[in-house]
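Below, chain A is the first sequence line, B the second, and so on; all start at residue 1.
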Number of protein chains: 2
Amino acid sequence: MKHIADSTVRRLSAYLRFLEDFEHRGLTTISSDELAKQGGTTSAQVRKDLSFFGSFGKRGLGYSVPELSGRLREILGLSQHWRVIIIGAGKIGAALAQYRGFRQRGFSIVAAYDNNPEKIGRTLEGIPVRDIAQIEHDIQREAPEIAVLTVPAEAAQPMLDRLVRAGIHAILNFAPTQLQAPPEVTVKTVNMAMELEGLSFALTNRE
Amino acid sequence: MKHIADSTVRRLSAYLRFLEDFEHRGLTTISSDELAKQGGTTSAQVRKDLSFFGSFGKRGLGYSVPELSGRLREILGLSQHWRVIIIGAGKIGAALAQYRGFRQRGFSIVAAYDNNPEKIGRTLEGIPVRDIAQIEHDIQREAPEIAVLTVPAEAAQPMLDRLVRAGIHAILNFAPTQLQAPPEVTVKTVNMAMELEGLSFALTNRE
DNA sequence: TTTAACTTGTGAATGAATTCACAAGCGCAT
DNA sequence: ATGCGCTTGTGAATTCATTCACAAGTTAAA
Ligand SMILES: NC(=O)c1ccc[n+]([C@@H]2O[C@H](COP(=O)([O-])OP(=O)(O)OC[C@H]3O[C@@H](n4cnc5c(N)ncnc54)[C@H](O)[C@@H]3O)[C@@H](O)[C@H]2O)c1
Ligand SMILES: NC(=O)c1ccc[n+]([C@@H]2O[C@H](COP(=O)([O-])OP(=O)(O)OC[C@H]3O[C@@H](n4cnc5c(N)ncnc54)[C@H](O)[C@@H]3O)[C@@H](O)[C@H]2O)c1
């Protein structure tokens with residue numbers, strides 16, 4: 001398949017969110033224009049994004065809401081459930097473990113891991129905190145697909161290497177550090193300090 | 001000033017991070033090539049990014065680490081302190097309030113706000129949780145520049161409007177929803193579910 | 001059946017971001 | 001002083017993303 005830009009994938013996620021809203025409200029069709037207004041983009045952009053994957057609309061009418069949302073779920077890989085592990089049961093790891101929004105969208109958090117004996121053995125709203133020492137064993141047994149990395153920055157790269165060796169191919173990183181990974185592994189980094197700095201820049205450089 | 005792309009600003013943040021590392025290790029000069037390797041980009045990209053703001057390097061030698069990091073701090077608006085308020089003292093709001101990484105980079109969290117009487121009056125590692133009802137008054141008195149929005153999705157847009165009316169011009173939003181704001185207000189949204197969906201897409205569509 | 005009002009899907013045009021490529025400047029050794 | 005090795009700064013070229021613009025398809029009403 002032709003390479004799909006990151007920005008396109010993000011917009012697809014956004015479209016799916018609006019479609020779910022629409023579905024809830026019992027509406028059955030939607031035009032690229034309505035979809036665009038919701039997402040702060042243009043109708044041409046919406047159609048172009050979808051055109052990479054096929055033609056799902058009806059000319060003159062728009063898109064069937066349930067059909068399009070189904071297609072988007074397939075495209076995004078959300079027709080299946082994904083198993084997620086959280087590495088580092090600290091403040092941010094715990095907040096994420098307890099967050100319901102993920103499970104609702106098909107991501108089940110199966111366990112958290114830590115190296116602090118005080119934390120190992122507890123649970124976070126039903127999610128067990130396990131010893132990081134057993135992670136290779138667990139990955140083999142439970143085959144989680146996605147790891148969320150919430151350890152201190154200096155532990156992040158070694159931990160990533162360890163996860164990759166153990167067979168993880170997708171990592172969501174919260175440590176504020178640039179990580180190296182082999183090409184078959186996808187890493188996304190959420191860097192909140194960087195976002196704040198973007199705001200600082202905007203405040204400083206507006207006229 | 002010419003318009004600066006968001007991607008450029010993000011890279012500037014990244015460069016600054018590496019420079020601080022370098023500074024710590026006592027190194028005094030760095031080339032665009034070294035900076036690029038650290039940041040996973042190219043030396044031409046580094047030089048182009050910097051060229052929007054001036055010429056800070058010495059041909060044949062590279063950049064002075066302390067000078068360049070100082071310049072970047074100025075450009076990003078980090079030579080001054082920013083006052084930050086957190087709206088929604090829930091799980092993610094609390095994690096952010098307690099996070100040391102922000103203060104270290106010049107963002108002081110002055111208060112959190114909530115509408116839950118159980119939470120109002122408590123503190124989160126020294127940060128007071130105040131009644132949301134008093135926010136207009138406090139904004140006028142304390143003039144915080146940045147608001148972090150960590151309320152439930154359905155409360156996010158009305159709360160944004162309220163913050164904007166009260167005089168806030170920069171908002172970091174964690175609610176998974178598309179927000180509308182007037183052009184003089186900068187909004188950045190961190191949408192973790194969207195990031196996970198990006199990973200799901202990558203896992204599904206790799207060959 | 002014909003017409004009018006809409007909306008999609010997509011090449012072509014435009015615009016934005018990145019990469020190339022090289023002249024010019026600097027430091028150091030000779 | 002000269003030459004060599006290295007690195008910047010920046011127009012030009014290229015690649016990538018978005019927007020335009022319109023033929024073609026659909027519905028509904030007359
Ligand atoms: N808290 C926030 O709001 C926030 C915001 C942005 C980024 N971050 C980043 O997220 C990461 C975690 O932050 P936090 O505030 O949750 O810190 P924290 O100290 O509360 O949590 C880190 C956890 O990781 C565990 N840990 C450390 N080394 C480990 C190892 N080798 N193996 C397994 N577990 C290990 C610790 O025991 C601790 O429980 C940091 O990189 C931080 O910079 C946090
Ligand atoms: N927890 C996470 O890991 C996580 C991850 C991604 C996104 N988010 C998003 O962040 C937001 C907060 O999530 P959370 O898990 O912290 O939820 P939470 O319920 O723990 O926290 C929300 C807080 O906002 C307060 N609140 C609600 N309405 C308010 C109002 N009108 N004024 C002031 N305060 C109000 C509540 O009292 C509560 O304390 C949500 O939009 C959620 O989707 C959370």
Side-chain angles (χ1 to χ4, degrees), chain A residues 1-15 18-19 22 27-72 75 178 194 198 201 205, chain B residues 1-15 18-19 22 27-72 75 178 194 198 201 205:
Chain A
M1 193 212 291
K2 206 178 143 302
H3 177 257
I4 302 294
D6 225 59
S7 49
T8 296
V9 178
R10 302 179 70 81
R11 283 193 300 266
L12 294 178
S13 283
Y15 303 155
F18 304 134
L19 286 168
F22 259 66
L27 302 170
T28 61
T29 63
I30 187 171
S31 68
S32 57
D33 199 51
E34 292 169 277
L35 219 31
K37 280 207 198 83
Q38 291 290 315
T41 177
T42 66
S43 63
Q45 180 78 81
V46 172
R47 297 199 300 276
K48 182 66 85 181
D49 286 341
L50 296 175
S51 77
F52 296 133
F53 302 95
S55 7
F56 310 128
K58 271 209 172 47
R59 288 164 195 235
L61 197 64
Y63 301 87
S64 146
V65 171
E67 189 200 323
L68 185 56
S69 64
R71 289 311 194 87
L72 285 179
I75 291 165
Q178 173 78 24
M194 211 175 257
F201 177 83
N205 300 74
Chain B
M1 195 209 293
K2 210 179 141 302
H3 176 257
I4 302 295
D6 224 60
S7 49
T8 296
V9 178
R10 303 179 70 81
R11 283 192 300 269
L12 294 178
S13 281
Y15 303 155
F18 303 135
L19 285 169
F22 259 67
L27 301 171
T28 61
T29 64
I30 188 172
S31 69
S32 58
D33 199 52
E34 292 168 278
L35 218 32
K37 281 209 197 80
Q38 292 290 314
T41 179
T42 65
S43 63
Q45 180 77 81
V46 172
R47 295 198 300 277
K48 181 67 85 182
D49 286 340
L50 296 177
S51 78
F52 296 133
F53 302 95
S55 10
F56 310 129
K58 271 210 173 47
R59 289 163 195 236
L61 197 65
Y63 301 87
S64 146
V65 171
E67 189 200 322
L68 185 56
S69 63
R71 289 310 195 91
L72 286 178
I75 291 166
Q178 174 78 23
M194 209 174 256
F201 177 84
N205 300 74

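B:Phe52 comes within 4.0 angstrom of no nucleic acid atom, judged by non-hydrogen atoms across all strands.
Going from atom CG of B:Asp33 over to atom P of C:dT19 covers 13 Å, rounded to whole Å. Residue A:Arg59 contributes atom CZ, which lies 18 Å from atom C1' of C:dA4 at whole-angstrom precision.
Looking at residues 34-47 of chain A, you'll see A:Arg47 sit with a heavy atom under 4.0 Å from some atom of DNA chain C.
Going from atom CG of A:Leu72 over to atom OH of A:Tyr15 covers 9.5 Å, rounded to the nearest 0.5 Å.
Relative to the side chain of A:Ser31, the nucleotides C:dG9, C:dT18, C:dT8 differ in distance, and C:dT8 lies closest. Closest contact between the side chain of B:Lys58 and the listed nucleotides D:dT10, C:dT8, C:dC26 involves C:dC26. Closest to the side chain of B:Tyr63, from the set D:dT8, C:dG27, C:dT18, is D:dT8.
For A:Ser32 and C:dT8, the shortest distance from a side-chain N or O to OP1 or OP2 is below 4.0 Å.
Between B:Tyr63 and B:Leu19 the shortest side-chain heavy-atom distance does not fall below 4.5 Å. By the 4.5 Å heavy-atom criterion applied to side chains, B:Leu50 and B:Leu68 are counted as neighbours.
Each of A:Lys48 and A:Gly62 was matched to the nucleotide of DNA chain C holding its nearest heavy atom; the match closer to the 5' end belongs to A:Gly62.
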